[in-house]
Structures are given as structure tokens and as C-alpha cells.
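Order of the sequence lines sets the chain letters (A, B, ...), proteins ahead of strands, with each chain counted from 1.
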Amino acid sequence: MAKNLVIVESPAKAKTIEKFLGKDYVVKSSIGHIRDMPKKDMGIDLENNFEPTYEVTADKKKVVAELRKAVKVAEKVYLATDEDREGEAIAWHLLEALKLPRDTSRIVFHEITKGAITNAITNPRTVDFNLVDAQQARRVIDRLVGFEISPVLWRKISGARSAGRVQSPVMRLVVEREREISQHSAVSSYKVKAELVNDNGELVEVKLNKDFDSKDQTLAFATQLLSADLSVLSVEKKPSKRSPKAPFITSTLQQEASQKLGFSVKQTMTIAQNLYREGAITYMRTDSFTLSETAIEAAEKVIKQEFGVEYHNARRFKTKDAGAQEAHEAIRPTDLTKPSIYGVDEQTAKLYSLIYKRTLASQMSDAKLQKTQIKIAVSNADELFVAMGEILTFPGFLKVYNYLSAEDKLLPDLTQGEPLTLASFSARESFSRAKPRYTEASLVKKIEEMGIGRPSTFATMVSTVQDRNYVTKETREGFEREYELIEISEGTVVESKPNETTGVEKNKLFPTNVAYLLNDFLVKNFSNIID
DNA sequence: CAGTGAGCGAGCTTCCGCTTGACTT
């Protein structure tokens with residue numbers, strides 16, 4: 001019989017840790033929180049210092065019963081819940097529910113490696129009751145807000161079902177963005193492009209250094225250009241670089257999977273959960289950019305072997321967000337020698353590959369570029385034409401993770417003073433755009449920036465506002481729009497009015513009618529809460 | 001006499017954050 005009992009939150013984690021610790025240890029999991037306030041009433045004594053009542057949650061009765069049994073036969077118990085506010089509270093709830101002494105050993109680790117775990121075991125502490133109280137305050141206030149305001153809404157606003165610290169600001173963002181969009185009036189301007197040619201017949205694409213406000217100005221410039229002399233004013237070359245991004249955390253994984261693979265936030269999390277359960281990746285609900293030293297070394301080995309020493313650059317990314325709790329690592333493959341996994345469906349393979357590439361790239365050297373800027377003077381005008389070129393001189397991390405198209409944009413080798421002639425000219429009317437509607441992923445990004453919600457709730461918060469019928473996800477067709485086009489053809493200025501399809505929206509979030517009413521009601525009456 | 005509709009009363013809804021897995025669309 002094992003002498004030591006270790007309790008963690010996640011069953012998958014329990015399995016891994018048990019392997020590291022050997023036969024003297026049995027590792028069990030709480031499967032998240034085990035106790036909460038009652039479902040049906042407030043469960044807070046408002047007359048008595050806001051004392052909360054807790055009970056074992058219906059779906060955790062079995063778990064708690066099993067843990068009690070395990071505690072009975074154990075000589076020593078270690079509470080190894082996550083090292084964050086919620087994890088500390090879970091440790092305390094375990095103390096209470098399992099009737100453990102207050103000085104029961106509490107251990108923490110931020111990475112699932114043998115070294116980290118044995119080190120934790122040899123350096124136990126006790127439960128931090130200040131942190132537990134912080135969590136209780138958070139929990140009590142969330143319930144007070146939700147359970148006091150929601151019933152008011154049932155009476156006052158038909159269709160309104162709920163309000164809360166998180167969901168109401170989330171809904172507000174969508175409502176306010178939609179109002180901004182409907183108030184936006186498109187201002188038009190004219191962007192000028194041209195192709196110029198030198199005496200050797202080499203062509204260069206250029207843009208004008210300013211846009212025109214009106215059609216008249218644009219026509220005047222086009223006419224001036226007919227009799228202008230063009231010549232190279234300057235050629236400037238300078239090196240530049242691009243650096244890889246930090247490894248994934250929950251929010252950035254959701255954004256990239258949305259942009260690159262078209263996954264919904266929920267879909268991404270479901271697939272990531274499966275990868276985690278199979279042991280292919282580290283924990284997927286995290287706000288930490290940190291990679292374990294073991295992973296950093298493994299990446300170094302792979303990069304040097306696959307690409308060469310010059311492609312390696314060990315990087316340690318710091319979390320900027322002051323509210324981050326950093327109980328886990330960044331999201332990374334557990335085995336960096338496996339660029340892909342097999343025997344899984346296509347979407348799972350794609351998400352894994354994305355995680356693999358992002359992780360490896362984060363430990364690689366900068367990409368180096370040579371940028372060239374050529375300015376071309378127009379003899380009878382103040383405006384300049386500008387050509388920009390970019391050559392990749394060293395790919396670095398771009399070898400595995402392409403954020404931008406790494407295609408070279410080559411320019412002909414022009415020299416200062418060289419004369420050029422106009423080969424083509426087009427000035428196209430364009431319209432200022434309103435801010436885009438949120439997608440699930442961009443809403444998560446915004447929410448995280450504002451410090452609302454936690455990685456474990458990003459997916460549920462975007463679905464809660466949809467379940468409550470405050471927000472809908474829709475794909476909308478584009479509409480035809482006419483624009484002015486001014487060109488030069490055979491020495492004369494030509495005008496036309498072509499059409500284009502614009503405003504195509506895929507999986508964007510729109511507020512419902514209820515959301516407008518509810519939002520205005522909350523802003524008016526509970527401004528301190530929805531702010 | 002059967003069916004309809006007004007009127008009344010009872011019962012329900014709700015928060016956020018931590019975990020999965022069972023279940024439905």
C-alpha cells in the first residue's frame with residue numbers, strides 16, 4: 001500500500017505524475033473545484049459578514065467520497081493543486097471536505113517534469129489562507145452581482161435572463177462596436193499607383209506618398225503627370241529583422257487557430273483538450289509564456305540538428321500582464337522531436353502542427369531582411385513616388401513559422417538621377433472603414449487585454465452570451481459598391497466607375513435587440529458593475 | 001353539451017471559475 005497521497009486538479013496530470021513518483025505514491029485528482037455555494041439560493045449571509053455556505057457539488061460527491069477513502073489509508077497527504085488563486089482555494093476546500101489538518105503539506109510546481117515534482121515534494125509549505133480569502137472574496141462578489149441583478153432583469157426586460165461581472169461587459173463590447181459601425185460614415189480618398197520604366201525597359205511598381213481627398217485633386221495631378229519628368233531622387237538600403245512570437249498561451253492559440261485554421265474558440269479547446277489528455281501537449285488553459293528548461297534544451301537540440309547552429313537562439317519570454325497567475329507552462333508539445341502526430345483526424349493534426357511550429361520558432365534566430373526604398377521625384381509637383389523592396393537574406397525562424405509571406409519583393413537596380421517614364425497609372429477611390437465586428441477570437445483578445453475572465457473561461461464566455469441570446473454569430477454576404485477609377489491610357493486621362501463586392505463578413509458577432517435594451521439598462525442603473 | 005378563452009397562481013430562470021465526460025445538435 002502506498003504511503004503517500006498526492007492530490008492534483010487534473011486526472012491527466014495525476015497519471016503523468018504518478019509515473020514520476022514511483023510506488024510509494026498514489027496520485028488522485030479533484031477534477032477541478034469540489035465545493036461551491038448552493039445552486040438555488042444566494043448562499044451568503046448578508047447579515048453576518050457575508051459568510052458563504054459551501055456544499056459539495058452534485059457531480060463531485062463521488063470524487064470526494066473516493067478521496068476520503070484514499071486519505072484514510074494514506075500516511076501523508078500532499079495538496080498539489082495549481083499555484084494560483086483558484087488552486088489555493090481548491091486546496092482549502094479539500095482540507096475542509098476531507099477533514100484534513102490545517103498544516104497539511106501544500107506543494108506546487110509549474111511544469112510536469114520529474115525534477116520539478118521531486119523538488120516540490122521536498123519543499124512543502126502549508127495552505128496560504130490569504131490567497132484563499134482572496135478567492136472567496138472573488139467568488140462571493142461574483143455571486144452577489146449575478147444573483148442580485150439577474151432577478152431584477154426578469155421583471156424589467158423581457159428576454160433578459162442574466163447579468164454578471166464578465167458576461168455583461170462582454171455583451172457591452174459587442175453592442176458598442178455595433179453602434180460605432182452604424183454611426184460610421186465612409187470618407188473617400190484616392191490612392192495612386194503607377195508603373196515606371198527605365199531606359200533598359202525595367203519596370204518598377206510605385207505608390208504616391210500621399211492620398212488625395214478629392215477627385216478634382218486627383219485629376220489635376222494625373223494631368224500634371226502627362227507633362228512631367230520623372231527621375232530617381234534617392235535609393236536607400238538598410239537591413240532589418242523580424243523576431244518570432246512567444247509560444248502559445250490560451251488566448252493566442254485561440255486567435256491563431258481561428259485565423260489560420262478557421263476553428264471556433266470552442267473547437268480549438270476541445271481539440272487541445274484531447275491532445276493534452278493523450279499527453280501530446282502541455283496544459284492548454286494557461287496565461288504563462290514560460291517554457292520549462294527541459295523544453296528549451298530539447299528545442300535547442302532539434303533546431304541545431306535540423307537547421308544548424310545559426311538557426312538557434314534560446315529565448316525566455318516574459319508575461320506582460322500583471323494579472324497573470326502563471327500556474328502552468330506555455331502550451332507546447334511534450335516531445336519536441338515529433339513535428340507531427342499520426343492516427344488522429346486532420347484537424348487535430350493541424351492544431352498540433354501549429355503548436356509545434358510556434359514552439360520551435362520561439363527558440364530560433366531572427367529573420368534578416370534587406371529593405372530598399374526608392375524615391376522618385378516628379379518635376380512639376382511636390383509629391384513623390386515611392387517603391388519598397390524587401391529581400392530575405394536569412395530566414396531564421398521563418399523556416400518553420402511563417403507569419404508573413406516570405407516572398408522577396410525585388411526592385412530593379414536603379415541609380416540616383418536615373419530618368420524614368422510612366423508606363424501605367426491608376427488612382428482608385430477607397431473608403432474609410434469602420435472598425436471590424438468582433439470574431440470569437442478577437443473578442444477573447446480584447447477581453448484578455450481588459451483583464452476580464454481567465455483562460456479556463458474564455459471559451460465559455462463567448463458561448464454564454466450566445467446561449468443567452470445576447471449575441472449571434474453570423475456570416476453576411478457582401479454588397480456591391482461603385483468607386484471612381486482614374487487611369488492614363490495612350491496619353492490621356494480616362495475616368496470610369498467600376499463595381500466591387502465589399503463588406504463580406506464571416507463568423508462575426510452581432511448584438512441582438514435584447515442586448516441593446518439590456519446593455520442600456522445596465523449602463524444606466526449599474527454603471528459601476530458593467531464598467 | 002362541447003369547446004373556448006379569460007383570469008389566476010405556481011414554478012422557473014441567475015453568477016464565475018476549476019475540471020472532464022456524457023449527451024445533444
Under-4.0 Å side-chain N/O to phosphate OP1/OP2 contact, [X] with [N]:
{"X": "A:Arg161", "N": "B:dT14", "value": "yes"}
{"X": "A:Arg468", "N": "B:dT14", "value": "yes"}
{"X": "A:Ser150", "N": "B:dC15", "value": "no"}

Under-3.5 Å donor-acceptor pair between A:Arg143 side chain and B:dC16 base:
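Under the 3.5 Å cut-off, the side chain and the base do not form any donor-acceptor pair.
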Taking any heavy-atom pair under 4.0 Å as a contact, classify [X]: base, sugar-phosphate, or nothing.
{"X": "A:Gln135", "result": "nothing"}
{"X": "A:Gly164", "result": "sugar-phosphate"}
{"X": "A:Ala89", "result": "nothing"}

Rounded interatomic separation in angstrom, taking [atom1] from [X] and [atom2] from [N]:
{"X": "A:Leu518", "N": "B:dT14", "atom1": "CG", "atom2": "C1'", "answer": "12 Å"}
{"X": "A:Lys39", "N": "B:dC12", "atom1": "NZ", "atom2": "P", "answer": "13 Å"}
{"X": "A:Glu148", "N": "B:dT13", "atom1": "CD", "atom2": "P", "answer": "18 Å"}
{"X": "A:Asp467", "N": "B:dC15", "atom1": "CG", "atom2": "P", "answer": "10 Å"}
{"X": "A:Asp41", "N": "B:dC15", "atom1": "CG", "atom2": "C1'", "answer": "13 Å"}
{"X": "A:Met37", "N": "B:dT14", "atom1": "CE", "atom2": "P", "answer": "16 Å"}
{"X": "A:Phe526", "N": "B:dT14", "atom1": "CZ", "atom2": "C1'", "answer": "13 Å"}
{"X": "A:Met171", "N": "B:dT14", "atom1": "CE", "atom2": "P", "answer": "15 Å"}

May I ask you to check if [X] and [Y] form a cation-pi contact, with NZ or CZ under 6.0 angstrom from the six-membered ring centre and within 45° of the axis?
{"X": "A:Arg332", "Y": "A:Tyr283", "result": "no"}
{"X": "A:Arg177", "Y": "A:Tyr438", "result": "yes"}
{"X": "A:Lys23", "Y": "A:Tyr25", "result": "no"}
{"X": "A:Arg161", "Y": "A:Tyr470", "result": "no"}

Of the non-hydrogen atoms in A:Met171 and A:Leu522, which two are nearest, and what is the gap between them?
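That closest heavy-atom pairing would be CE-CD1, 4.2 Å.
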Let me have a per-nucleotide readout for nucleotides 17-25 of chain B, 5' to 3', with B, S or -, counting only protein heavy atoms under 4.0 Å.
BBBSS----
Is the ring of A:Phe147 stacked on the base of B:dC15, with centres less than 5.5 Å apart and planes under 30° off?
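Per 5.5 Å and 30° rule: no stacking.
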Counting distance only, does the side-chain N/O of A:Thr104 pair as donor-acceptor with the main-chain N or O of A:Leu100 below 3.5 Å?
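Pair absent, no side-chain N/O of A:Thr104 close to backbone of A:Leu100.
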Residues that A:Tyr54 engages under ring-ring contact (aromatic ring centres under 6.0 Å, His included), provided they are two or more places apart
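Only A:Trp92, A:His93 meet the ring-ring contact (aromatic ring centres under 6.0 Å, His included) criterion with A:Tyr54.
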